[in-house]
Amino acid sequence: MSNSSAAAILTTAHLSEAVRAVRALLGVADIGQGEVDFEAVIRSPDVLTRVRRVLPDLEWWASAGKETGSSEGGDNPAEHLPIRVFDWGRPLDRAEPFIAALGPDSAAVRWDLDAWPEVPEEGLEAISQKYAYLTLTVNSRDLYQDEPSLDHTVHVHVRNRNGDQVARVHWLAGQVGGRFTGRVETAPL
């Protein structure tokens, strides 16, 4: 398993602003074969109902562990709240409905992109899909929902080899009116 570095470039109390930034970054990236992945902690029956409208065959397990309830076991998730959701490889059009369904619950939505583009005027080469990701954390400051918060953060993932992608992080941040805060998390891919 390889890792990427997820750099925080925009934190806002307004989910609509975070979604606008994601849309702008998706407009810059090559997304022809893109997919979206979801990780969340769902605590409320109302949120669960809304999320299951978006992802009817949701993959989940009880926060207490798979042995106390999971989608694999055919259990009813409403009887095992809070649950952790790990759902991968969905079509891009599922992302915004999932985000809208979350209410106060926390999640990380990761777009697996085909590439970050070449930007010759900045000296940036194209970055292949292996290192081209974008994550929005909703109601959480981190990728793993360990730091619940009332705000939302946009992270861009880049290759972390000799710091050669710091310029790309700054360029991507500039595309959405954000700035690289220096906060980076390692993300398994």
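Not one N or O on the side chain of H155 forms a donor-acceptor pair closer than 3.5 Å with the backbone of T135. D114 contributes a side-chain N or O that, together with a main-chain N or O of Q33, makes up a donor-acceptor pair within less than 3.5 Å. The closest donor-acceptor contact from the side chain of N139 to the backbone of L150 lies at 3.5 Å or more, if one exists at all. T137 contributes no side-chain N or O that, together with a main-chain N or O of H152, makes up a donor-acceptor pair within less than 3.5 Å.
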Please tabulate, for the side chains in residues 79-87, all donor-acceptor contacts under 3.5 angstrom to protein atoms that are two or more places apart in sequence or on a different chain.
residue : atom : partner : partner atom : Å
H80     : ND1  : T68     : O            : 2.6
R84     : NH2  : Y144    : O            : 3.4
D87     : OD1  : R90     : NE           : 2.5
D87     : OD1  : R90     : NH2          : 2.8
D87     : OD2  : E59     : N            : 2.8
D87     : OD2  : R90     : NH2          : 3.4

Do any side-chain atoms of residues 7-14 form donor-acceptor pairs under 3.5 angstrom with protein atoms, and if so which ones, sequence neighbours left out?
residue : atom : partner : partner atom : Å
T11     : OG1  : T153    : OG1          : 2.9
T12     : OG1  : H14     : N            : 3.0
T12     : OG1  : E17     : OE1          : 2.7

Residues 40-50 side chain polar contacts: donor-acceptor under 3.5 Å, at least two apart:
residue : atom : partner : partner atom : Å
S44     : OG   : D46     : N            : 3.2
S44     : OG   : V47     : N            : 3.0
T49     : OG1  : P45     : O            : 3.0
R50     : NE   : A101    : O            : 3.1
R50     : NH2  : A101    : O            : 3.2

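Connection of W61 to L58 is not established within any shared hydrophobic cluster, with ILVMFWY side chains joined at heavy-atom distances below 4.5 Å, either directly or through further cluster members.
By the 4.5 Å heavy-atom criterion applied to side chains, P117 and V28 are counted as neighbours. The side-chain heavy atoms of R179 and H170, taken from C-beta on, include no pair separated by under 4.5 Å.
Of all heavy-atom pairs spanning L124 and A167, the tightest one is CD2-CB, 3.9 Å. Across all non-hydrogen atoms, the minimal contact from D75 to S70 is OD2-N, 2.9 Å. A pairwise comparison of heavy atoms in A95 and V36 identifies CB-CG2, 3.9 Å as the closest pair. For A107 against Q145, the heavy-atom pair with the smallest separation is C-NE2, 3.5 Å. The heavy-atom pair separating L143 from H157 by the smallest distance is CD1-CE1, 4.5 Å. Taking all atoms of both residues into account, the shortest heavy-atom contact from L25 to W116 is O-CZ3, 4.0 Å.
Going from atom CZ of R168 over to atom CZ of F180 covers 14.0 Å, rounded to the nearest 0.5 Å. Taken to the nearest 0.5 Å, the CH2 atom of W111 stands 6.5 Å off from the CG atom of L26. In this structure, OG in S140 is found 9.0 Å from CG in D151, a value given to the nearest 0.5 Å. The CZ atom of R141 sits 13.0 Å away from atom OG of S106, with the distance rounded to the nearest 0.5 Å.
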D37/V109 under side-chain contact (heavy atoms from CB on, under 4.5 Å): CA gap, chis, key distance, verdict: CA-CA 6 Å; D37 304 326; V109 179; over 6 Å; no

Check against side-chain contact (heavy atoms from CB on, under 4.5 Å), W88 and E39: CA-CA 9 Å; W88 306 92; E39 295 184 21; 3.3 Å; yes

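With sequence neighbours left out, the salt bridge (charged side-chain N to carboxylate O under 4.0 Å, His left out) criterion links D142 to no other residue. Residues meeting the salt bridge (charged side-chain N to carboxylate O under 4.0 Å, His left out) test with D112, sequence neighbours left out: R110.
Within the structure, the ring pair (Phe, Tyr, Trp, His ring centres under 6.0 Å) test picks out the following pairs touching residues 28-56 (sequence neighbours left out): F38-F98.
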